[in-house]
Amino acid sequence: MKLDVQRDEGVVIVRLDGKLTIGEGDVKLRDKVVQLLESGEKRLVLDLKGVRTIDSSGLGELIRCKTTAEREDAVIKLLHVEDKVEEILEMTRLIGVFDNYNDQVDAVASFRS
């Protein structure tokens, strides 16, 4: 799993590329989100366009990141949830837990309202 961080109008975009699975990306994602929260970031978007595979550990990590962020008065939203990942989120009834966007401009703008 590769993680790339960029900023867009004060919103941190974390681009994930690879497998969000146990031992592949779950710990990397957790560490990155915790690092960002500890540095004071409050508005995060996880760009899942590059996520090719996700398992139960990856799903659990998404929920853990959201919960951790909420405890820090921060918000995590999802961007570019591709079909395979979206199907899994729908099957597990987790799709409604996250604000989900298909366009980065819309995701960033959502923090202004």
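Qualifying side-chain hydrogen bond (donor to acceptor under 3.5 Å, both in side chains) partners for D99, counting only residues two or more places apart in sequence or in other chains: none. Applying the salt bridge (Lys or Arg N to Asp or Glu O under 4.0 Å) criterion to D4, with sequence neighbours excluded, gives no partner residue. Contacts of E70 classified as salt bridge (Lys or Arg N to Asp or Glu O under 4.0 Å), with partners at least two apart in sequence or in another chain: K66. For the side chain to side chain contact (heavy atoms under 4.5 Å, CB included) test, residues two or more places apart in sequence or in another chain that qualify with D103 are V105, D106.
Taking Ile, Leu, Val, Met, Phe, Trp and Tyr as members and joining any whose side-chain heavy atoms lie under 4.5 Å apart, directly or through other members, the hydrophobic cluster of F111 also contains V11, I13, V45, V75, L79, Y101, V108.
Within 6.0 Å of the NZ atom in K49, the count of heavy atoms belonging to other residues, nucleotides or ligands does not exceed 12.
Of all non-hydrogen atoms in C65 and R30, the two that sit nearest each other are SG-CA, 4.3 Å. Closest of all the heavy-atom pairs between I63 and F98 is CD1-CE1, 3.8 Å.
Rounding to the nearest 0.5 Å places OG of S57 at 13.5 Å from NZ of K19. In this structure, CD1 in I54 is found 4.0 Å from CG in L59, a value given to the nearest 0.5 Å. The CE atom of M1 lies 7.5 Å from the OG1 atom of T21; values are rounded to the nearest 0.5 Å. From L94, atom CG reaches atom CG of L62 across 8.5 Å, with rounding to the nearest 0.5 Å. For the atom pair CD1 (I88) and CD (E82), the distance works out to 12.5 Å, reported to the nearest 0.5 Å. Within the model, atoms OG1 of T53 and NZ of K84 stand 6.5 Å from one another, a figure rounded to the nearest 0.5 Å.
Checking side-chain atoms of K28 against main-chain N and O of L20 turns up no donor-acceptor pair under 3.5 Å. Remark: the backbone N or O of N102 is paired with a side-chain donor or acceptor of H80 at under 3.5 angstrom.
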Under 3.5 Å, side-chain donor or acceptor atoms of residues 31-38 against the rest of the protein: list the pairs with distances, not counting sequence neighbours.
{"unit_1": "K32", "atom_1": "NZ", "unit_2": "Q35", "atom_2": "OE1", "d": "2.9"}

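The salt bridge (charged side-chain N to carboxylate O under 4.0 Å, His left out) pairs that include a residue from residues 87-96 number zero, where partners must be two or more places apart or lie in different chains. Contacts classified as side chain to side chain donor-acceptor pair (under 3.5 Å) and involving residues 6-18 (residues at least two apart or in different chains) are given here: Q6-R15, R7-E41, D8-Q104, E9-R112, R15-D47, R15-Q104, D17-R52.
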